[in-house]
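Worksheet for the structure shown next.
Numbers here are sequence positions counted from 1. Order of listing sets the numbers, starting from 1, for every ligand and every atom in it. The basis for the numbers below is simple: all heavy atoms, side chains too, and nothing from hydrogens, waters or symmetry mates.
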Amino acid sequence: MSTETKCNPDLVRERAKCTFDVNELINLFYGSEKATKERRHFEDAVLAVKELKDAIPEEYLSHKERYENGVRKATILRDVYRDYKAKHNRDPPPNQITKAVIKDISPFLLHNGMFVPTIAGQGTPEQQAEWLPKAESMQIIGTYAQTELGHGSFIRGLETIATYDPKTEEFVLNNPTLTSFKWWPGGLGSTVNHCVVVAQLYINGKSHGIHPFIAQIRDLDTHKPLPGVKVGEIGPKMGFQTANNGFLGFDNFRIPRKNMLMKNAQVLKDGTFVKGINEKLTYGTMVMVRVGIVGDCSFYAALAATIAVRYSAVRHQSHIKASEPEAQILDYLTQQHKLFIAVASSHVYRNAYLWMEKMYTNVMKELSQDKQDNLPELHATACCLKAVCSRDAGSLVEECRLACGGHGYMASSNLPLTYGVTIAAVTYEGERTVLLLQTARYLMKAWMAALKGKVLSPSVSYLLNSLKESKKPWQNTPEGIVKGFQHVSFGKVKAAYETIQKYMKQGKDYEDAWNLASVQLVKASEAHSRAILCEVSWEAVCSSSASPNLSRVLQQLAQLYLTYWTLETSGDLLLYSNITKDDLIILRDKYEELLVAIRPNAVGLVDGFDLRDEILNSTLGSYDGRVYERLMEEALKSPLNQETVNSSFHKYLKPMMEKAKL
Ligand SMILES: CCCCCCCC/C=C\CCCCC/C=C/C(=O)SCCNC(=O)CCNC(=O)[C@H](O)C(C)(C)COP(=O)(O)OP(=O)(O)OC[C@H]1O[C@@H](n2cnc3c(N)ncnc32)[C@H](O)[C@@H]1OP(=O)(O)O
Ligand SMILES: Cc1cc2nc3c(=O)[nH]c(=O)nc-3n(C[C@H](O)[C@H](O)[C@H](O)COP(=O)(O)OP(=O)(O)OC[C@H]3O[C@@H](n4cnc5c(N)ncnc54)[C@H](O)[C@@H]3O)c2cc1C
């Protein structure tokens, strides 16, 4: 981090009033002092590579140049990772330094994030031995090709076909229709030479559902598409410009039998199909990534909050009191209301991610012992937390952008790009509504089990408690609020269930009744997610090892999250819990007191995310607060400012002006 010598005086004052040790917060957030040290050390190593610095901002490059620059930097970055591993005999620590280098999304994201994990998770030991060393060392580059032009959400409806030919012991891949073309996979456009293709398996004319296959699609020397492969890039998007998303179609393209990833289901040489223990295990990579996305949401909320809070400390506009100088905009309570929830939410998502990661690791361990009991709970929880956190994080980033006024609209603030990237997660890896409806299936089953008095899985056991406790009075404490959110979830789950029953009594079949109740089902899943987020984050804060000074501030943040959502969803609480109007008035006052209490620590709290200037990549958010200088410096980099008179003057403006004289 930069020294304070050239710092904006407002930021110096803000840092002086912080009531806790920022380094303690950093170490707590990232796990330990050792983890912080190692992460910073690795970030230093990356930032020391001169070739990774951009000569001009990426926004001035063409689509093609931007991609090429992205690939260039991704390959250098990969060398830094390799060298680190060789030197330290372990992977680099978790870090976000790719953001400082690639800025948008790496063309290797899908290689590292889904291609390699799918081989590891879906391949037999022999298949892992064949492909993992090559993939991990980047001798081959891959992606995860599942979504098609016609189908993304409903993957049983995918149209790519893999027909087994027992004579040659090969699968023949085909994309018989336009809608069957793969569409979206990152890196597919022009980067990868391999992919995991998810396709419908046919043996002797019989369908056996969707399965993952490894296909080499480009020549390793020439990079030309292999015969029978049609591949290309899908064009500009809202974000993800350097992710190199692509399309792909096969025409009688043959791959050997061993290229079907066979950890779960298998196809024997003679074409016998051997079912796996659970066909949904084929969806395993998606579950893993959904868990990871909750962690990403914490990062994006932290990034936007850091930019907007520091900017708000530096920016002065208007007066609170006519007799006093223009106020820091951070002193307006409305500004605190916009920003502090982003700071608090980043901590909530981080705790939820760590909690989910534990659940994921436990279930993977159990699956390795053929125990599947907890898989449905993992799937349901990953679906709803991914859905709710990604949408909330997108809204928080946008609120931070708006809170920076006009300057938040500048690309150089990095908030527009951050919004584009954050909001993409609402759709990818499972569209929000679709995932919430998956959780709703689980909630309906849990509800039926609760009615029968059965024991429920831990994440839904509150449904049973709520059944018993519904008459207890409301308590205006954090624990009471957590219970309140559980009551809301309980009430919505019950109402959705009863709505389905009502339609069925009217003669509808279950599927139609489900569709007619689906708005309520989605809301029940959202309420369930909120109950989990509140419970998990409050418990994490209460059991943290923080010093009293830090603990006080972390509790304030967690309470802010609880009261913010109480006030946002007060209608639901009035409907489904025993909260009263008077309780809500007390909580409204409490919320405002929390904003005021957090205010002196606002800059310290965002410093506690320890995001370097290079990662923030923002004129508004840098550690030293030189906002106006940076805005001007960045503006001067515009190619339009590299010449006094642009040629369009002579070509168009002058002739127009002269014509106007005639
Ligand atoms: C801790 C690890 C941290 C790792 C960090 C990783 C970080 C990640 C980094 C980078 C990667 C970023 C990549 C971004 C780029 C984006 C990539 C993509 O988008 S890839 C494509 C993703 N596509 C989807 O997500 C598709 C969504 N659709 C589906 O998943 C399914 O179609 C479905 C909606 C789940 C429906 O499936 P299906 O029709 O087959 O099932 P249903 O009939 O609805 O349900 C039947 C029963 O099966 C259960 N089920 C469904 N899925 C699962 C599952 N995954 N696991 C377990 N069980 C599952 C379902 O609940 C039903 O059960 P019952 O109700 O019948 O009991
Ligand atoms: C930036 C980005 C990167 C991506 N990267 C990859 C990748 O690397 N590999 C890959 O394979 N895919 C990738 N995808 C594709 C992504 O996984 C899909 O777009 C996503 O799963 C949603 O599917 P869809 O586009 O078919 O949406 P649709 O399902 O068509 O959704 C459209 C609307 O229909 C509604 N809807 C659909 N089904 C139902 C239902 N059953 N009930 C109620 N409503 C429903 C949805 O709620 C939504 O409102 C990427 C997408 C994006 C945006």
Please state which protein non-hydrogen atom is closest to [atom] and give its distance, to 0.1 Å?
| atom | answer |
| --- | --- |
| atom 36 (C) of ligand 1 | Gln438 NE2, 3.5 Å |
| atom 49 (O) of ligand 2 | Glu431 OE2, 3.8 Å |
| atom 59 (C) of ligand 1 | His379 CD2, 3.4 Å |

- Message: The criterion is side chain to side chain donor-acceptor pair (under 3.5 Å); which residues satisfy it with Asn264, sequence neighbours excluded?
- Response: Gln122
With backbone taken as N, CA, C and O and side chain as the heavy atoms from C-beta onward, which portion of [X] lies under 4.0 Å from ligand 1: side chain, backbone, both, or neither?
| X | result |
| --- | --- |
| Leu109 | side chain |
| Ala380 | neither |
| Ile155 | both |

Quick one: does ligand 2 sit under 4.0 Å from the side chain of [X], the backbone, both or neither, non-hydrogen atoms only?
| X | answer |
| --- | --- |
| Met114 | neither |
| Leu437 | side chain |
| Phe240 | side chain |

- Hey, looking at atom 25 (O) of ligand 1, which of Met444, Arg290, Glu431 has the closest heavy atom? Arg290
- Message: I want to know if ligand 1 touches Met286 in the polar sense, i.e. an N/O pair below 3.5 angstrom.
- Response: no
- Message: Geometry only, no angles: is Lys445 polar-contacting ligand 1 at N/O separations under 3.5 Å?
- Response: yes
- Message: Pairing donors with acceptors under 3.5 angstrom, does anything connect the side chains of Glu148 and Thr179?
- Response: no
- Note: ligand 1 atoms sitting under 4.0 Å from heavy atoms of Val287 are 55 (N)
- Message: With heavy-atom distances below 4.0 Å as the criterion, list the atoms of ligand 2 near Leu110.
- Response: 8 (O)
- Query: Among all residues two or more places apart in sequence or in another chain, which pass the salt bridge (charged side-chain N to carboxylate O under 4.0 Å, His left out) test with Lys508?
  - Reply: none
- Query: Is the closest heavy atom of Gly152 to ligand 1 under 4.0 Å?
  - Reply: yes
